[in-house]
Each structure stands twice: as structure tokens, then as C-alpha cells.
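Worksheet: the structure to be examined is printed underneath.
Letters go in sequence order (proteins before strands), and every chain restarts at 1. Both backbone and side-chain heavy atoms feed into the values below; hydrogens, waters and symmetry mates do not. Here the structure is a predicted model, which is why all the values come from computation and not from measurement.
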There are 2 protein chains.
Amino acid sequence: MDTRERLIESAQALLWERGYVGMSPKAIQDRASAGQGSMYHHFENKAALASTAIARSAEQLYASARKEFTQPCSALDRIVAYLNRERDALRGCRVGRLTQDPEIIADPQLRQPVQEMFAKLTQELASLIVEGQKAGEFSAEMNPEDTASTILAVLQGAYVLARAANSTEPYDRAIAGAISLLKHQGGVKRASRK
Amino acid sequence: MDTRERLIESAQALLWERGYVGMSPKAIQDRASAGQGSMYHHFENKAALASTAIARSAEQLYASARKEFTQPCSALDRIVAYLNRERDALRGCRVGRLTQDPEIIADPQLRQPVQEMFAKLTQELASLIVEGQKAGEFSAEMNPEDTASTILAVLQGAYVLARAANSTEPYDRAIAGAISLLKHQGGVKRASRK
DNA sequence: GTCTATAATTCGATAGAC
DNA sequence: GTCTATCGAATTATAGAC
């Protein structure tokens with residue numbers, strides 16, 4: 001693997017572990033086994049390298065979610081599979097994590113890939129919910145975009161709870177609770193409709 | 001207000017905005033209008049001051065949640081009121097935010113108040129759900145602890161979505177979706193029970 | 001492309017005067 | 001209690017040799 005590539009992957013890992021503020025050029029170089037001059041040859045500065053690394057992480061995460069969303073099973077099952085996908089709860093989300101960084105939020109270049117990834121995931125989930133509504137899996141009263149946001153929020157928040165507790169238990173509980181709510185929703189309306 | 005107090009409040013604000021890694025002693029002193037010597041007179045080091053500040057933020061947040069949990073209305077209404085409470089979505093949660101900080105998670109002294117706050121909020125919410133089940137507001141099939149974790153996760157994750165989008169919209173949507181799921185859950189089971 | 005040298009600034013803290 | 005002086009290390013680069 002060439003140096004430029006190693007620098008990007010090194011930055012991706014450090015952004016995940018320590019965020020933009022906590023990631024020093026020295027640390028990037030050490031992890032990539034690259035010298036000072038090497039890094040500044042390939043990237044103008046820390047922000048430029050971070051921008052490349054963030055965009056790549058967002059694309060990778062979106063691509064792996066797409067796989068879950070396009071499985072050949074019911075919409076509800078695909079959403080449940082997405083929620084149940086193996087994740088390293090204690091490490092957190094490598095893209096969601098970046099939203100806590102003031103310098104990333106303040107810089108449109110750094111924030112844009114993050115914004116785009118969540119916007120696209122929301123749209124995919126909302127489409128799945130519409131599909132599920134047509135199939136009778138979800139109540140027609142359900143707002144697809146609201147519910148899509150709720151699903152993403154549960155995932156992101158579950159990471160927070162896991163890290164606070166230093167345990168995966170609250171993560172697993174939050175996911176289980178969300179799945180239960182999704183599976184048992186709308187019944188009142190459906191039941192009353194006869 | 002005395003210097004020690006100003007230092008704590010200054011640290012609370014900086015931890016919220018920039019996290020532990022992004023908060024420098026210099027910044028704390030400047031915001032508190034205190035000198036270097038002053039800070040190191042009142043606190044052994046940066047970690048000791050941060051520990052005091054984190055504990056205070058966690059207590060304040062828990063106290064304000066308690067108010068919502070003890071209103072004189074139904075359990076469901078209290079949960080909905082808690083979810084709907086005015087929050088500055090773009091600023092994020094001043095306690096949840098800390099879970100992204102590697103140095104806070106690694107140091108039991110710094111993490112403990114965060115862990116405790118979420119554990120207590122989970123217990124309070126779980127109790128409310130049990131109360132709601134007894135009153136017939138929630139399905140008896142619902143797992144109180146799971147659902148309590150889901151509710152906290154939605155809130156924490158909604159902040160993430162808001163900051164990613166630089167807009168309160170996904171926050172509002174996530175909350176609305178969660179409330180809708182809570183209100184319309186369990187109907188199938190109840191209906192089938194006759 | 002990669003390396004080493006240099007540099008201004010900040011970080012996190014200590015020492016000691018007042 | 002608060003202040004200024006000082007400190008070694010790290011940060012975020014730039015310059016220029018190879």
C-alpha cells in the first residue's frame with residue numbers, strides 16, 4: 001500500500017478513536033509509518049487529510065448499509081436486520097462520532113460528508129418504511145421520515161449509552177426496545193379498523 | 001461568584017463545547033478570568049477540575065429530568081413531556097457528549113458520573129413504564145428496561161442527527177417518531193387478548 | 001517523494017514572589 | 001489566594017537537502 005493510502009487509513013482510525021481535535025499530525029504519521037515531509041507532500045494540512053478520510057468513512061459506511069437495505073426479504077425484516085447488524089458498540093460510530101467535534105461542525109468541508117451520509121440513510125429507511133406500509137407491515141399512520149430518523153437516532157444514541165456504561169448491555173437493550181416498538185406499532189389503529 | 005466556582009462553570013461550558021481533549025487549561029482560565037496559579041491552587045490538575053465539572057453537569061441534568069418525571073399526570077404523559085422538553089438540539093447533550101472522549105472513557109473517575117446519570121435515568125424511565133403498564137397505557141409485553149434505553153438512545157442520537165445536518169429538523173423528527181411509536185404500540189397484543 | 005532541521009505557539013504544569 | 005516566570009514536551013507547520 002502506498003504512503004498516501006496509509007495516511008488516509010491512519011487518519012480514519014484516529015478520527016474514530018480521538019476525533020479531529022484529538023488527532024495530531026504526529027500521531028497520523030507514526031501510525032502510517034510516514035515522515036513529516038511525506039504527509040505535507042500528499043496533503044496541504046491536517047484539515048485536507050481529515051476531509052479525505054471523513055469522506056471515505058462516510059462512503060464505506062453508507063455502502064455497507066446499502067447491502068442490508070437491498071436484501072431479498074420484507075421491508076420490516078431488512079430494517080430489523082440493519083438494527084441487529086453486528087457492531088462494535090463500545091467503539092461507537094466512526095461517522096456519528098464526528099458530530100461532537102466543534103471544528104468539524106464549524107467547517108462545511110469537513111461536515112458535508114457526514115451530513116450527506118445521514119441524509120441518504122434517512123431517505124433509504126423512509127423508502128423501506130413506505131414499502132412496508134404498502135405490504136401491510138406498518139401502519140399507514142406512521143410518518144416514514146419521522147420513523148426513519150428515530151431508527152437512526154436509536155442506533156447513534158445506543159452507542160452513547162454503551163460507552164457511558166462501558167458495556168454493550170444498554171446498546172443491546174435500546175436496539176431490542178426499538179425493534180419491539182416497530183413490530184408492535186399501529187395495532188390499535190388496525191384493530192379498531194376491524 | 002468566587003474564583004473556584006467560576007473555574008468549574010468555565011470547565012463545564014468548555015467540556016460541552018469542545019470535550020476534555022479539546023479543553024485547555026489556558027482556555028478555562030481565560031473564560032473564568034482567573035490566572036494560572038489560581039487554577040492550580042484550587043485544583044490539582046486538569047483532570048481534577050474536569051472531574052468536578054462533569055459530576056456537577058450530571059447532577060444538574062439528572063435533577064432537571066426528575067422534575068419532568070414527577071409531574072402530576074399519567075406516566076405516558078410524563079415520558080412524552082420529557083421527550084418534548086425544550087432542548088438546544090444543535091448544542092447537544094452536555095453529558096452524553098463526554099462519552100465520545102477517549103480520555104474520559106478511559107478514566108473511571110471521569111466516566112463514573114456519566115455512567116451513573118444514565119443508569120439512574122434508565123431506572124426512572126423503566127419505573128414510569130411499569131407504572132404506565134399498570135394503568136393500561138402500555139402493553140404488558142413491553143420490556144420496561146429495554147424501552148427505557150430506547151427512549152434515552154433516541155434523545156442522544158437525535159442530537160447527533162441535528163449536529164450532522166446543522167439543523168434541528170432531524171432531531172424533531174426523531175422525537176416525533178419515537179412518541180408516535182410509544183403511543184401506538186402494543187395494540188395488536190391487547191386487541192388479540194380480547 | 002521522503003527526509004531532517006527549524007520554528008512559533010500552545011500545552012500542562014511547577015516555583016516562588018507577593 | 002493570586003500573580004508572574006519558567007519549563008520540557010507536543011503541536012502544526014515551513015524550508016530545504018537528498
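- Pairing each heavy atom of A/F118 with each of A/G96, the nearest pair is CZ-CA, 3.9 Å.
- Residue A/G35 is classed as a sugar-phosphate contact, given heavy-atom separations below 4.0 Å to backbone atoms only.
- The interatomic distance linking A/E103 (CD) with D/dT11 (P) rounds to 14 Å, in whole Å.
- In this structure, the side chains of B/L125 and B/L152 come closer than 4.5 Å at one or more pairs of heavy atoms.
- Put simply, A/T3 has a side-chain N or O that comes within less than 4.0 Å of OP1 or OP2 on C/dT2.
- In this structure, A/R97 forms no cation-pi arrangement with A/W16, as its terminal cationic atom is not both closer than 6.0 Å to the ring centre and no more than 45° off the ring axis.
- Side-chain nitrogen and oxygen atoms of A/S24 include none within less than 4.0 Å of the OP1 or OP2 phosphate oxygen of D/dA10.
- Between C/dT2, C/dG12, D/dT12, one nucleotide has an atom nearer to the side chain of A/P25 than all others, and that is D/dT12.
- Among the nucleotides D/dT2, D/dA13, C/dG1, the one closest to the side chain of A/H41 is C/dG1.
- When each of D/dC3, D/dA5, D/dT14 is scored by its nearest atom to the side-chain atoms of A/Q36, the top-ranked nucleotide is D/dT14.
- Listed pair A/K26 / D/dA10 fails the phosphate criterion, with no side-chain N or O lying under 4.0 Å from OP1 or OP2.
- Residue B/K46 contributes atom NZ, which lies 14 Å from atom P of C/dT14 at whole-angstrom precision.
- Residues A/A27 and B/H42 each lie close to DNA chain D; by heavy-atom proximity, the contact nearer the 5' end of the strand is made by B/H42.
- Computed from coordinates, the B/D30 CG to D/dC3 P distance equals 12 Å when rounded to whole Å.
- Checking C/dA5, D/dC3, C/dG12 against every side-chain atom of B/Y40, the shortest atom distance belongs to C/dG12.
- One can place CE of B/M23 at 12 Å from P of C/dC11, the figure rounded to the nearest angstrom.
- If you take OH of B/Y20 and P of C/dC11, they are 13 Å apart, rounded to a whole angstrom.
- Relative to the ring axis of B/Y62, B/R94 does not place its NZ or CZ within 45° and under 6.0 Å from the centre.
- Note: CZ (A/F43) to C1' (C/dG1) measures 14 Å, nearest angstrom.
- Whole-Å rounding puts the A/E44 CD to D/dT12 P distance at 16 Å.
- Taking atom CG on A/L14 and atom C1' on D/dT11, their separation rounds to 15 Å, with Å as the unit.
- Distances from the side chain of A/N45 to the nucleotides C/dT2, C/dA13, D/dA13 place D/dA13 closest.
- Taking the centre and axis of the six-membered ring of A/Y82, the NZ or CZ atom of A/K67 falls outside the cone set by 45° and 6.0 Å.
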